[in-house]
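Worth knowing before you read on, the calculation uses all heavy atoms, side chains too, and leaves out hydrogens, waters and symmetry mates.
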Amino acid sequence: MLSLQEALAQLLALAEPVQEKLSIDTIEADGRVLACDQVSGMNVPPMDNTQMDGYALNIDDLKPGRAFEVSQRIPAGHLARPLEKGTVARVFTGAFIPQGADAVVMQEQVQVEGDQVFILHQPQRGEWIRRAGEDIRAGARILEKGERLTPQALGLAASVGLAKLQVYRRVRVGCFFTGDELAMPGEPLRPGSIYNSNRFVLVNMLRRLGCEVEDLGIIADKLELTRAALRDAADRCDLIVTSGGMSVGEEDHVKPAVEAEGVLRAWQIAIKPGKPLAWGKIIRPTREAHFIGLPGNPVSSFVTFLLFVQPFILKLQGQRDWAMKALPMRTDFDWPKPDKRREFLRVRVNAEGGLEKFPNQSSGVLTSTVWGEGLAEIEPNRPIKNGDLIPYYSFNHWYGEL
């Protein structure tokens with residue numbers, strides 16, 4: 001069996017990022033992957049301005065007990081005249097600092113008596129002044145190619161006046177599910193049937209990743225129908241993801257269908273849950289589509305999607321960082337009989353800041369993925385004692401923050 005690292009390295013080596021780029025409105029770019037570096041053409045802030053409501057003055061004019069006159073009033077967004085010597089300017093947050101002023105005193109630190117202002121605080125030079133370019137200098141790179149854009153990144157782009165951003169096109173993913181035993185919610189269950197939970201999990205995880213999803217639904221357990229579904233999806237999609245049907249039984253048609261329509265590589269991965277994984281390509285006359293076949297058990301399908309499909313898609317999307325990020329966390333449980341494979345337990349963080357595990361870690365117990373907040377990684381053959389530190393992967397890293 002391949003290790004997780006070996007399998008992931010082999011799989012990611014096959015993912016070539018999409019090349020097509022498009023320019024879209026910055027306000028619409030949340031979750032998209034940036035296709036080129038973005039450089040600021042201006043300073044931010046563009047001018048010296050005040051961080052507080054108060055009074056702008058020249059420190060050299062301060063004398064004990066001296067009263068000042070207000071020579072001008074400067075709201076945000078209005079031009080300022082040079083400061084008259086021996087006076088103060090009334091300024092409001094974000095307003096220009098007039099030429100000749102070198103500090104701002106907060107309004108709470110002055111005393112106003114009619115037309116006179118008494119300064120009750122000795123400011124330092126530059127106090128409460130935001131200097132031009134303090135945040136961003138003209139010519140600075142503010143966002144990097146391959147970055148997945150967040151709302152705050154869009155705000156940064158807007159702050160330097162970028163109305164449009166160049167991003168990679170969305171990755172197109174087709175998915176279908178095989179099995180005559182599968183039914184959809186709302187339909188009556190025949191004897192031996194089950195509801196197709198994997199469809200609801202995988203389709204929506206793909207959507208959260210920002211993919212264009214073509215949901216082909218449930219395909220009957222027939223070889224020709226499975227081959228037709230693969231051809232149909234490959235004509236339009238970059239990647240096809242399926243769940244189940246990869247065994248060698250007489251009613252498992254995905255494996256022979258992929259082999260008939262392209263190439264298939266099946267791996268046994270030394271992880272639990274989710275040992276079987278398949279990668280392939282569907283070859284059409286004018287294009288090719290990647291194929292990834294996931295296990296059919298709900299938790300196995302869910303975990304292998306997180307570990308393999310998501311980083312593969314992130315690389316297809318042009319994202320520069322697709323590595324899983326683990327936090328060392330304390331276990332508040334024992335795991336005395338580890339498996340020879342690397343295990344991923346469904347866990348959550350308790351009130352004491354430790355990890356607690358779901359009681360039933362079976363690959364068919366989808367409840368564990370809802371109860372849990374992430375995965376705890378257990379090294380092969382390593383018993384775990386209460387208080388040990390182990391790697392923890394939050395579900396939010398995968399599908400909550402993209």
Side-chain angles (χ1 to χ4, degrees), residues 17-59 72-83 88-107 123-170 209-210 314-315 317-323 325 396-397 400-402:
V18 298
Q19 296 302 308
E20 298 93 330
K21 305 170 185 177
L22 60 156
S23 180
I24 64 175
D25 291 342
T26 299
I27 195 90
E28 302 295 334
D30 184 35
R32 303 299 289 268
V33 177
L34 198 58
C36 61
D37 290 347
Q38 297 297 312
V39 175
S40 175
M42 59 179 286
N43 288 327
V44 178
M47 74 294 182
D48 291 355
N49 68 91
T50 174
Q51 299 182 54
M52 292 285 181
D53 290 352
Y55 295 84
L57 51 78
N58 188 295
I59 289 177
Q72 59 180 309
R73 184 176 182 274
I74 314 172
H78 291 256
L79 293 176
R81 305 187 307 274
L83 183 67
V88 296
R90 179 71 164 114
V91 292
F92 300 88
T93 302
F96 274 96
I97 300 296
Q99 182 182 342
D102 57 11
V104 171
V105 177
M106 293 189 299
Q107 61 187 17
Q124 299 295 313
R125 208 171 300 276
E127 190 165 319
W128 297 122
I129 294 177
R130 283 189 291 244
R131 296 299 183 186
E134 181 178 293
D135 184 10
I136 302 168
R137 290 285 184 184
R141 182 176 61 183
I142 60 167
L143 296 170
E144 293 186 35
K145 176 182 177 180
E147 185 170 341
R148 184 176 292 274
L149 294 166
T150 61
Q152 55 269 38
L154 302 186
L156 186 62
S159 75
V160 300
L162 296 176
K164 290 184 175 292
L165 294 172
Q166 192 172 62
V167 299
Y168 291 109
R169 70 159 173 83
R170 294 189 186 277
L209 285 174
L314 296 186
K315 189 174 180 186
Q317 290 173 330
Q319 185 168 321
R320 68 175 187 274
D321 178 17
W322 54 78
K325 294 180 176 64
N396 283 337
H397 165 68
E401 296 180 347
L402 297 181

Sequence neighbours left out, what pairs pass salt bridge (charged side-chain N to carboxylate O under 4.0 Å, His left out) with at least one residue falling in residues 36-52? D37-R141, D48-R131
Please tabulate, one pair per line, all N/O donor-acceptor pairs under 3.5 Å involving side-chain atoms of residues 155-165, not counting sequence neighbours.
residue: S159; atom: OG; partner: L156; partner atom: O; Å: 2.6
residue: K164; atom: NZ; partner: D25; partner atom: OD1; Å: 2.6

About how many Å separate CD of Q317 and CZ of R170, when rounded to the nearest 0.5 Å? 8.5 Å
Nearest 0.5 Å, please: how far is CE in M42 from CZ in R137? 12.5 Å
Applying salt bridge (Lys or Arg N to Asp or Glu O under 4.0 Å), can you list everything that pairs with R169, at least two apart in sequence or on another chain? E20, D238
What one should report as the nearest heavy-atom pair of I24 and V167 is CD1-CG2, 3.8 Å
For D135, enumerate each residue passing the side chain to side chain donor-acceptor pair (under 3.5 Å) test, keeping only those at least two apart in sequence or located in another chain. none
Any side-chain heavy-atom pair from L22 and R32 closer than 4.5 angstrom? yes
Mind checking what makes side chain to side chain donor-acceptor pair (under 3.5 Å) contact with Q107, not counting sequence neighbours? R90
When you measure from the side chain of Q19 to the backbone N and O of P17, does any donor-acceptor pair fall under 3.5 Å? yes
Output the distance between atom OG (S23) and atom CD (Q166), rounded to the nearest 0.5 Å. 6.5 Å
Atom pairs and distances, donor-acceptor, side-chain atoms in residues 91-104, under 3.5 Å, two or more places apart:
residue: T93; atom: OG1; partner: D53; partner atom: N; Å: 3.3
residue: T93; atom: OG1; partner: D53; partner atom: OD1; Å: 3.0
residue: D102; atom: OD1; partner: I59; partner atom: N; Å: 2.9
residue: D102; atom: OD2; partner: R125; partner atom: NH1; Å: 2.4

Could you check if a side-chain atom of H78 sits within less than 4.5 angstrom of a side-chain atom of R73, using non-hydrogen atoms only? no
Output the distance between atom CG (L83) and atom CZ (R81), rounded to the nearest 0.5 Å. 9.5 Å
Contact summary for C36 and L34, nearest pair of heavy atoms: O-CG, 3.2 Å
Nearest heavy-atom contact between A138 and N43 is N-OD1, 3.0 Å
Checking the side chain of Q319 only, and the main-chain atoms of D321 only, is there a donor and an acceptor separated by less than 3.5 Å? yes
Taking the side chain from R148 and the backbone from V33, do they hold a donor-acceptor pair closer than 3.5 Å? no
Gap between atom CD1 of I129 and atom CG of N49 - 0.5 Å precision: 9.0 Å
